[in-house]
Each structure stands twice: as C-alpha cells, then as structure tokens.
Q: 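Quick one: this structure, given as structure tokens, is what I'll be asking you about.
Values reported hereafter were calculated over all heavy atoms of this structure, with side chains retained and with hydrogens, waters and symmetry mates removed. Remember, it's 1-based here, ligands and their atoms both numbered in the order they're listed. Along the sequence shown, residues carry numbers from 1.
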Amino acid sequence: MAKDIQQPIVLDVNHMMSDIVGYQYGIDACDVNGLSEAASIAQQNVQKNRGTGWLGWMELPYNQAEIVAGIKQAAAKVRENFETFVVLGIGGSALGPSAIQQALNHLHYNDLPQDKRGGPKLYVEDNIDPERMAALLDVIDIKKTCFNVITKSGATAETMSQYLIITDLLKKQVGEGWQKHIIATTDMEKGNLIKLAKQENFDLFFIPSTVGGRFSELCPVGLIPAAVCGIDIDAMLAGAAAMDERCKTDDIWANPALLEAVLQYIAMQELGANVQVVMPYADSLKYMADWFCQLWAESLGKSVTRKGMAVNVGQTPTKALGVTDQHSQLQLYTEGPYDKVITFLKVGQFRNEFEISHGCEEFADVAFLGGKTLNSLIEAERQGTEYALYRSGRMSQTITLPEVNAYTIGQLLFFFEMATAYAGELLDIDAFNQPGVEESKIASYAVLGNTNEKYQKKAEEMKNRPASKAKYTL
Ligand code: PA5
C-alpha cells in the first residue's frame with residue numbers, strides 16, 4: 001500500500017457565514033468574535049483537565065506505546081489463527097470499529113478472497129435482533145472465529161446476552177481451549193466482563209477509566225479491530241496527535257475544533273439550527289457519519305446544566321450520503337424549515353479513479369459525461385448541492401480529507417471529539433454522561449423482570465403511567 005499522505009484535513013466554514021450565505025440565516029463573524037471570551041474559557045477548561053476526569057481520550061495519541069505493541073501482537077495472532085473476527089458491542093463500543101473499517105479498508109472487504117484481504121473477515125454485531133444473530137451464525141464457522149467482546153461498563157445487557165450465546169456455542173463446538181476465541185475489552189475494575197475475563201483467562205485489553213464509550217475509538221476498543229484488519233493504527237494515532245496540536249490555541253480562528261464548536265453553538269442557540277446533517281460524499285465515510293451522530297447526540301443532548309438548571313439543549317445529528325441522498329433528502333434541506341446545518345465530508349483525492357466511457361453520441365446530455373471521471377462527477381455534484389443550499393440561504397460547511405487514510409481519519413476523529421468537548425463547555429452541560437440512555441436501560445431490565453431492587457422499583461413506577469386506550473390502537 002502506498003504511504004499515507006500526511007496532510008491536514010481542512011475545515012471550510014465560508015457557507016456558514018452571513019457575508020457569504022446571506023443575513024437571513026448565516027452567522028455574523030462579529031457574533032463569533034463576541035464569543036471569544038467564552039471560547040477561551042472553554043478551551044482552557046478542556047486543556048487544563050486533559051487526561052483527567054472524562055478527558056482521558058485526549059492523551060490516547062501519546063500514552064499507549066506499550067498497549068499498541070500488545071495490540072499488534074494480539075492482532076497478528078488473530079490474523080494467523082482465525083478466518084473471522086466478530087466484534088460484540090454496542091454504541092461507542094461498535095460504531096468506531098465499523099466507521100474505521102469502512103473508511104480504511106476495501107469497501108467489499110469481506111467479499112475479497114483471503115489472499116487479497118490479508119486478514120480475517122470482520123463483522124460488527126451491534127444489535128440483538130434474533131434474525132441478525134441467526135444470520136451471523138449461518139455465515140461464520142465458530143471454530144475459526146475470534147470474538148472481541150467490548151463493553152466499557154462490562155454490564156450492557158445487549159453485549160452480555162451476545163456473550164452468553166457465543167460462549168455457550170464455543171464451549172459446545174470448540175470445547176477445550178474455547179477461551180482462546182475471546183478477546184475482552186473492558187474497564188479495568190468495573191463490571192462483570194473483567195471478572196469473567198480474569199476467571200476464564202481471556203486475552204484482555206482495558207478501556208481507561210477516564211475514557212467514555214463514545215470517546216473510546218482511539219483506545220483498544222477501536223485499535224484492536226483496526227489492527228486485526230491490517231489498518232495502520234500508528235498513523236491513526238499520529239493523525240489524532242496532529243489535530244490535537246491544532247486545537248491547543250484559544251484563538252477561535254486558528255483552532256478548527258473551537259471554531260466548529262462556536263459556530264454550531266451559535267447555529268443551535270441563536271438561529272434554531274436544531275439539526276446537523278453530516279453528508280459524506282464518499283461511501284468510505286458513511287459510517288464515520290454514524291459514529292459522529294452518536295458522539296454529538298449523546299454528548300450534547302442534555303436537560304440540565306452542570307449546576308442543574310433546566311436547559312434541554314442539543315442538536316440532532318443525522319446522516320445523508322452524497323450523492324445518493326440528493327435524490328431523497330435535498331429537497332427538504334433546500335426548501336424545508338430553516339433548522340439545519342449541512343456538514344459535507346469531502347475527499348480531495350479518491351483512492352481510485354474511474355473514467356466514464358464514451359457513448360450515446362446522439363444524446364448530447366448523456367454523451368457529455370463520456371471521458372469525465374466519476375471522481376469529477378461526485379465533486380461536481382457536491383458543489384452543486386452546496387450551491388443549491390447557498391441559493392436558498394442555507395448554512396453548510398465542508399471538511400476536506402486530502403485523502404481517506406489512517407492519518408486523516410485519526411485527525412477527523414480527534415477533531416470531532418474536541419469540537420464536542422468544546423461545545424459541551426459552551427453549553428455548560430456535562431458532555432460525558434448519558435442519563436437518558438441509563439433510564440431506558442433500567443426500564444428495559446424492569447420489563448424483562450430483573451429481580452434486583454432497583455429494577456423492581458422501576459417496574460412499579462412504570463405501572464403508574466396512564467394505561468393505553470383501545471381507541472388509539474388501530
Ligand atoms: O458513550 C457511551 O458511553 C455509550 O454509548 C456506550 O458506548 C454504550 O452504551 C455501550 O456501553 P458499554 O460499552 O458499557 O457496553
């Protein structure tokens with residue numbers, strides 16, 4: 001593989017600004033400057049606490065030399081001994097591995113013959129749909145499969161259910177030595193997985209206590225599946241470190257993540273842009289959008305400030321794929337409510353070039369495509385969409401990856417994480433908890449009849465909601 005191009009990713013916010021996109025629904029540079037003190041405080045708070053509290057992820061590009069060596073060893077063992085690698089995890093324990101694999105490996109990686117793939121097939125199982133479990137078991141040979149069970153809390157019902165099913169099958173089908181088919185990635189102390197891992201002597205990697213699920217992609221959560229699939233994890237970490245350097249100043253106009261946080265803060269708080277559509281113009285980046293959606297939604301969607309004042313803030317992130325969703329969503333974005341920001345993810349240089357064949361000379365509108373490339377067509381369409389949004393006075397911004405490679409993806413991950421941390425500071429909320437998710441977890445355990453007192457109480461509470469009425473059920 002050619003050496004990664006180590007160039008910086010670029011954030012272009014021209015189409016967010018009122019002097020470009022219009023005064024009805026653009027951001028005035030003066031308003032950005034008006035937030036310079038708040039932004040400076042946000043930047044200082046994040047920087048001074050780096051590595052502590054929930055900001056352990058900020059140090060991941062620097063403090064994992066030994067861990068990375070261990071990951072590479074474990075990955076080499078998996079590549080040698082297994083045909084298939086299955087991630088069992090959900091949320092922050094699954095979205096990153098999927099995003100990285102999609103971005104950095106062949107788009108039909110699992111379908112490639114083994115000699116072209118080089119590593120095992122990868123499946124990321126982030127749901128408990130019984131049909132999906134059955135389908136997985138239909139296509140893998142469990143005796144030739146390694147399972148990476150990933151759960152920070154070590155207690156998530158979805159992941160632990162998968163664990164129970166898979167370990168039962170391994171015991172039955174593999175018998176002695178079944179434990180060699182499991183790699184556990186979890187918290188060093190908390191939860192049940194760590195106890196099981198020690199009891200069964202699984203290969204074990206830790207998620208630092210200072211790193212939350214959705215900020216964990218650059219620790220063993222993401223690095224193990226990536227390394228198993230042959231991705232250059234050193235380059236990912238180097239890219240993250242390069243972005244970290246760019247995010248160390250409190251000058252809004254020089255720190256891309258701080259600028260991003262300030263612009264989105266103004267967009268959501270002052271312009272009612274409650275939706276951010278992440279629109280990659282590259283199939284390779286479509287799951288990066290999903291990864292970002294969790295990060296932004298779960299971190300910023302909060303009901304109270306850090307002092308407990310009711311605020312109900314957040315911006316709903318959603319994904320659209322360029323160009324596919326031009327033919328599905330764009331009408332809404334250009335003419336629907338003024339409630340969105342569109343974030344384009346653009347690729348400078350694709351890893352392939354594809355020329356469009358000549359033909360249909362009798363039809364000028366078709367023939368003119370001949371001799372051009374799909375590369376120029378996809379970028380022309382992105383520019384066309386940007387222009388259509390501009391014409392209707394809508395805000396958009398473009399993040400360009402000179403090329404999709406481990407180095408630029410490392411930058412992109414870190415950029416979004418930093419922007420999220422800064423936005424949390426500006427909103428004065430705890431960007432690192434997820435009480436709304438916990439509520440749903442407890443309620444579902446109660447429904448399932450867990451006898452623990454906490455869940456019993458919840459079951460009682462749930463009985464008190466108004467009973468469903470037949471007239472509302474058709
Ligand atoms: O960001 C988070 O903390 C969550 O989205 C978690 O990643 C998700 O709930 C899964 O949790 P765990 O890794 O503990 O199984």
Q: State whether Lys121 and Glu83 are salt-bridged, where the test is any N-O pair (Lys NZ or Arg NE/NH1/NH2 against Asp/Glu carboxylate O) under 4.0 Å.
A: no
Q: Heavy-atom distance to atom 5 (O) of ligand 1: which of Glu438, Lys152, Lys190, Gln294 wins?
A: Gln294
Q: For Glu298, does its backbone N or O pair with a side-chain atom of Lys302 as donor and acceptor, under 3.5 Å?
A: yes
Q: To the nearest 0.1 Å, how far is atom 7 (O) of ligand 1 from its closest protein heavy atom, and which atom is that?
A: Gly92 N, 2.9 Å
Q: Quick check: does Val437 get an N/O under 3.5 Å from an N/O on ligand 1?
A: no
Q: Got the closest protein heavy atom to atom 3 (O) of ligand 1, with its distance?
A: Gly213 N, 3.5 Å
Q: For atom 9 (O) of ligand 1, which of the options Met160, Lys441, Arg214 provides the nearest non-hydrogen atom?
A: Lys441
Q: Between Lys286 and Asp290, does at least one N-O distance fall below 4.0 Å, as a salt bridge requires?
A: no
Q: Whether the side chain of Gln411 engages the backbone of Gln7 through a donor-acceptor N/O pair (distance < 3.5 Å, no angle test) should be reported.
A: yes
Q: Output the list of atoms in ligand 1 that are nearer than 4.0 Å to some heavy atom of Glu298, sorted by atom number.
A: 1 (O), 2 (C), 4 (C), 5 (O)
Q: Compute the ring centroids of Phe202 and Trp178, then answer whether they are less than 6.0 Å apart.
A: yes
Q: Are the side chains of Glu125 and Met133 in contact, using a 4.5 Å heavy-atom criterion?
A: no
Q: So how far is it from Thr145 OG1 to Phe82 CZ, rounded to the nearest 0.5 Å?
A: 8.0 Å
Q: Given the side-chain rings of Phe215 and Trp54, with only the six-membered ring counted for Trp, is the space between their centroids under 6.0 Å?
A: no
Q: Hey, does Glu158 sit under 4.0 Å from ligand 1 if you only count heavy atoms?
A: no
Q: Is there at least one pair of N or O atoms, one from Thr159 and one from ligand 1, spaced under 3.5 Å apart?
A: no
Q: For Thr156, counting its heavy atoms only, list the atoms of ligand 1 lying under 4.0 Å from any of them.
A: 11 (O), 12 (P), 14 (O), 15 (O)
Q: Using a 4.0 Å cut-off to any heavy atom of Ser153, which atoms of ligand 1 qualify?
A: 12 (P), 14 (O), 15 (O)
Q: Applying a strict 4.0 Å limit to heavy atoms, is Ile90 in contact with ligand 1?
A: yes
